[in-house]
Amino acid sequence: MSSNEKVRVDKYLWSIRVFKTRSQASDACDGGKVKMNGNSVKAAKPVSIGDKFEIRTEGRKWVIEVTGLLANRQAYSEAIKYYIDNTPEEDKLAPAFVASVFQTGKRQSKIGRPTKKDRRNIEGFMEGDEEE
């Protein structure tokens, strides 16, 4: 891409794979989750080489510096050549810790609702009391 071409913030963040869709990138800009050089930025603002971004996504926080302009989405291995990731290590590792805290959909053993076997045992125990 030549140096005089302009790339929108939302298109750039989508193309370097920070966001899965361009509309997510645009919504993040409108919601104040993207800051360029310390200031909130609108989705249509042009990106320049050397700009620094602070981005808060659902998964993690990003601190990146633009090293090249990319208008079209490319493979991750190519996309990482267009920015420098300056994100602190604790922000990179945060998603790994968060995932284990939230509900995974499986019930922990002996916590919560009784299993079918537990209910049969309870019902058998209760019926046993009535007979006596």
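Heads up: numbering here begins at 1 and tracks the sequence.
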Review point. With under 30° as parallel and over 60° as perpendicular, where do the rings of W62 and Y83 fit, or are they tilted in between?
Key: perpendicular
Exercise for review: Determine, stepwise, if the pair T57 / V18 fulfils side-chain contact (heavy atoms from CB on, under 4.5 Å).
Suggested key: CA-CA 8 Å; T57 63; V18 172; 4.0 Å; yes
Check your understanding: Should L69 and Y82 count as side-chain neighbours, where that means a heavy-atom distance under 4.5 Å?
Key -> no
Study note, to complete from the structure: The reported gap from CZ in R17 to OH in Y76 (rounded to nearest 0.5 angstrom) is 10.0 Å
Exercise for review: Please assess D27 against D10 for the test side-chain contact (heavy atoms from CB on, under 4.5 Å), listing each intermediate value before the final yes or no.
Suggested key: CA-CA 9 Å; D27 292 343; D10 60 344; over 6 Å; no
Check your understanding: Can you find a pair of side-chain heavy atoms, one from K45 and one from R8, that are under 4.5 Å apart?
Key -> no
Practice item. Quick one: list whatever passes salt bridge (charged side-chain N to carboxylate O under 4.0 Å, His left out) with D85, sequence neighbours left out. Key: R60
Practice item. Begin with the C-alpha distance, continue with both residues' side-chain angles, and end with the deciding distance and a verdict on side-chain contact (heavy atoms from CB on, under 4.5 Å) for S40 and K35. Key: CA-CA 4 Å; S40 290; K35 294 186 181 203; 4.3 Å; yes
Check your understanding: Tell me, do I64 and I84 make a side-chain contact under 4.5 Å, heavy atoms counted?
Key -> no
**Study point:** Side chains of V7 and L70 in contact at under 4.5 Å (non-hydrogen atoms)
**Key:** no
Check your understanding: Side chains of P88 and V63: closer than 4.5 Å at any heavy-atom pair?
Key -> yes
Review point. Any side-chain heavy-atom pair from C29 and V9 closer than 4.5 angstrom?
Key: yes
